[in-house]
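What follows is one structure encoded as structure tokens, with my remarks underneath.
Naming convention: chains lettered A, B, ... in sequence-line order (proteins, then strands); numbering from 1 in each chain.
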Amino acid sequence: MHSYRTHKCNELRKSHVGQQARLSGWIHRIRDHGGVLFIDLRDTYGLTQCVVEEGSSLLAAVGQWRNESVVTVTGQVKARTPETVNARMPTGEIELEITEATLQSPAAVIPFQIAEDDGAGEDVRLRHRYLDLRREKMQRNIRLRNAVIFSLRKRMWESGFQEFQTPNLTASSPEGARDYLVPSRLHPGKFYALPQSPQQFKQLLMVAGFDRYFQVAPCFRDEDGRADRLAEHYQLDVEMSFVTEQEVHDTMTPVIKGLFEEFADWTGTKHRVEWLPKLTYKDAMLKYGSDKPDLRNPLEIVDVTAVFARDDVEFKAFKGTIQKGGVVRAIKAPKVSTQPRSFFDKLNSWAQGEGAPGLGYILFEPSSSLPPAGGGQGGVAAVEGKGPIAKFIPPAAIAELCKLAGAEPGDAVFFVCNMEGPAAKFAGLARDKICDDMGIRETGVYKFCWVVDFPMYEFDERAQKVEFSHNPFSMPQGGLETLEKTDPLKILAHQYDCVCNGFEISSGAIRNHRPDIMEKAFALAGYPKEVLERKFSGMLNAFKFGAPPHGGCAFGIDRLVMILAHEPNLREVNAFVMNGQYEDPMMNAPSEATPEQLKDLHIKVDLPRTVKKTEAA
RNA sequence: GCGGGAGUAGUUCAGUUGGUUAGAACGCCGCCCUGUCACGGCGGAGGUCGCGGGUUCAAGUCCCGUCUCUCGCGCCA
């Protein structure tokens, strides 16, 4: 007989009754009844109940065993009596009668419970991640992650892509985030950068003629953490030669759609997968106030600047902003006339908490002086405006507002007034807040779309100059001619994102493979040719020797898994992660280097004035 | 760097207006228990109330400072 196991803990069934079997695993639970003792033995595959029967000489010893110890038990598979069958367990019709028992590795008292979710905080869980990972939920999440990566690999290979590896010790890439640096021992004073993405390498592979590249690529960014952001994460990195933007979408849409369909019911609730028509960046910002809109939220935003600009509208608070070039955006909330006053008041104080002056609104009600809804006026219901700011707006303007917003009696519109950028952004926040307060966000669906036509440049308020919006290697729409003739801030790029349920899950572009266009593109952002040549000489040179037009994208694998697992943060779908401060309390990273290491690296540490207390191990 | 929330037993939490010996559940230890499957019963151990200072006759509770975790902003795909 095998020294550790003849079966796994999910395998034994009625058909095995009478056979000798050996199982190894962790003690999930132990129930000592005095004369008889039960062990629920666990491995990653499942649970099997094992029994020490009355009179057994093993009883005393096994009775001392503690939860989470690793043991090997041997004995005969027995059918349970009908009253003792456990229908909730796949192995519930049988049990293993222990006649031989070995304690392989006793467990000390565990810092939190494995068999149940005791709500232990993240610090303890991360400090003992190997224990946390034993829990069923984490086993499931990691299994999902592995399955997702396998599925993506399979789908990519089947779509004719080759899988590559690229260096992790490299030079700074143009993503715009802070790099993690690694000092070079052989080259005093010089540093490698960990890749923020394999951007340049994958483009160089296109220049090398490999045509279709993918990689499950580690990416490193030294920026502050968030629930959906990690210092190191993995991307499904993709690049293709001789393709249009549309072809990139058409290639990747079935991969991601297929993936989500494959795992749509992983959490137990069946989810629909809907791929919606692509959205321009401009429309996304206008209608949803975000470049990564959650399309499960049915609310839409409309521009109503024209209404508040009318001569007969008195509302000074908005008028002043409009005169300075600002805009008014309205969010329509259907059928809220029955909401209590507190609904509106709460939204108002929420807005103030976000730093806005408030969240003005108008409630449309059937007009008392005009015929009721549907009674004429070209199909538009006759309405009256109610609410704190309604008195500033005469009936004709109310009617126009109503028409613009497509509102019906009983609906309300909320207003945001500011300069265009901030107004769109805040309207987006309000749109989500109102949706959640109304409880009308759709559930049970993954809603995807591509957001396209991102601007090539934006105005950097702090530096007071034109800057690249995304990575500078994107091809401007219209090429050289557009760059030469158009206001930089109006130039669009062949740059796109893929969005799912309010998460940006991918970003990509058709790349600029022409040195002449690149030179011009950099010049518009104020970078002379020398800067371009110094920073990106490798790639720029490559483009001088016959570069195919190419483009691609990269999907955030951790985010895909997080969405599929319905987890609120990325740490729940990675086996080993750092905490919110990017420290690993288990491995004690980051930690100080020894004087010898620093000497080797020619580094002197110059600590800031407020020295952080080093963590006692 | 900034803002919100949190920090009390191994874990999750309660702790009234400042008032006597800081509680509960799970876990742990001991004893009992022949069929449980979140086994059950009895008993027990376990606390620098994050840390430092202050107010007070008296501080887990009030005030000031500080550290840590977490969510968000800035930053960043």
* To do: Keeping to residues at least two apart or across chains, list the ring pair (Phe, Tyr, Trp, His ring centres under 6.0 Å) pairs with something in residues 557-580 of chain A.
  => A:H271-A:H566
To the nearest Å, how far apart are [X] [atom1] and [N] [atom2]?
| X | N | atom1 | atom2 | result |
| --- | --- | --- | --- | --- |
| A:R125 | B:C69 | CZ | P | 16 Å |
| A:N67 | B:C28 | CG | P | 6 Å |
| A:E467 | B:C76 | CD | P | 10 Å |
| A:D179 | B:C76 | CG | P | 12 Å |
| A:E232 | B:C76 | CD | C1' | 16 Å |
| A:Q64 | B:C31 | CD | C1' | 12 Å |
| A:I114 | B:A38 | CD1 | P | 18 Å |

So which nucleotide from [options] ends up closest to the side chain of [X]?
| X | options | value |
| --- | --- | --- |
| A:Q235 | B:C26, B:G35, B:A77 | B:A77 |
| A:Q49 | B:C69, B:C37, B:G1 | B:C37 |
| A:V109 | B:G1, B:G27, B:G10 | B:G27 |
| A:N579 | B:C69, B:G72, B:C76 | B:C69 |
| A:R571 | B:G35, B:C69, B:C71 | B:C71 |
| A:V36 | B:G72, B:G35, B:A77 | B:G35 |
| A:K425 | B:G74, B:U11, B:U36 | B:G74 |
| A:M89 | B:G30, B:C37, B:G72 | B:C37 |
| A:T84 | B:G35, B:C75, B:C71 | B:G35 |

So does [X] reach the base of [N] with its side chain, donor to acceptor, closer than 3.5 Å?
| X | N | result |
| --- | --- | --- |
| A:N86 | B:C37 | yes |
| A:R29 | B:U36 | no |
| A:R31 | B:C33 | no |
| A:D118 | B:G27 | no |
| A:E68 | B:G27 | no |
| A:R221 | B:C76 | no |

* To do: Give a yes or no on whether a salt bridge exists between A:R42 and A:E68, defined as a side-chain N under 4.0 angstrom from a carboxylate O.
  =>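 Salt bridge: yes.
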* Asked: RNA chain B: stems of at least 3 consecutive Watson-Crick or G-U pairs, cut-off 3.5 Å?
  ->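 Stems found: B:1-7 with B:67-73, B:10-13 with B:23-26, B:28-32 with B:40-44, B:50-54 with B:62-66.
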Between [X] and [Y], what is the shortest heavy-atom contact and its length?
| X | Y | answer |
| --- | --- | --- |
| A:C219 | A:Q196 | CB-O, 3.1 Å |
| A:N67 | A:R29 | OD1-CA, 3.7 Å |
| A:D497 | A:S507 | OD1-OG, 3.1 Å |

* For RNA chain B, what residues of residues 560-569 of chain A have any heavy atom nearer than 4.0 Å? ->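 Listed by number, there are none.
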Could you work out the separation of [N] and [M] based on their [atom1] atoms and round it to a whole Å?
| N | M | atom1 | value |
| --- | --- | --- | --- |
| B:G18 | B:A24 | C1' | 23 Å |
| B:A9 | B:U17 | P | 23 Å |
| B:G60 | B:C13 | C1' | 14 Å |
| B:G4 | B:U61 | C1' | 22 Å |
| B:G46 | B:G3 | C1' | 38 Å |
| B:C42 | B:A25 | P | 11 Å |
| B:U55 | B:U68 | P | 27 Å |
| B:C32 | B:C67 | C1' | 48 Å |

Determine, using ring centers only, whether [Y] and [X] are less than 6.0 Å apart.
| X | Y | value |
| --- | --- | --- |
| A:F260 | A:F448 | yes |
| A:Y496 | A:Y281 | no |
| A:F38 | A:H33 | yes |

Counting the atoms with a prime plus P, OP1 and OP2 as sugar-phosphate, which does [X] contact under 4.0 Å by heavy atoms, base, sugar-phosphate, or nothing?
| X | answer |
| --- | --- |
| A:D224 | base |
| A:G35 | sugar-phosphate |
| A:E83 | nothing |
| A:G92 | nothing |

Are [X] and [N] close enough that a side-chain N or O sits under 4.0 Å from OP1 or OP2?
| X | N | value |
| --- | --- | --- |
| A:Q581 | B:U70 | yes |
| A:R66 | B:C29 | yes |
| A:Q196 | B:A77 | yes |
| A:R127 | B:U11 | no |
| A:R229 | B:C75 | no |

Set of salt bridge (Lys or Arg N to Asp or Glu O under 4.0 Å) partners for [X], sequence neighbours left out:
| X | answer |
| --- | --- |
| A:D558 | A:R145 |
| A:R229 | none |
| A:E100 | A:R22 |

* **Upstream residue (5' side of RNA chain B) when A:E223 and A:E53 are each assigned their closest nucleotide** =>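 Whichever sits nearer the 5' end wins; that is A:E53.
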* To do: On RNA chain B, check which nucleotide each of A:V124 and A:E504 is closest to and give me the residue with the more 5' one.
  =>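 The residue whose closest nucleotide sits nearer the 5' end is A:V124.
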* Check whether the aromatic ring of A:H33 stacks on the base of B:C33, taking stacking as ring centres less than 5.5 Å apart and planes within 30° of each other. => no
* **Aromatic ring of A:F112 stacked on base six-ring of B:U11, 5.5 Å, 30°** => no
* To do: Flag yes if more than 12 heavy atoms outside A:F426 fall under 6.0 Å of its CZ atom; otherwise flag no.
  => yes
* Mind telling me whether A:F473 and A:F522 have parallel, tilted or perpendicular rings, with 30° and 60° as the class edges? => tilted
* Report yes or no: is the cationic atom of A:K8 (NZ for Lys, CZ for Arg) under 6.0 Å from the centre of the six-membered ring of A:Y45, at an angle within 45° of the ring normal? => yes
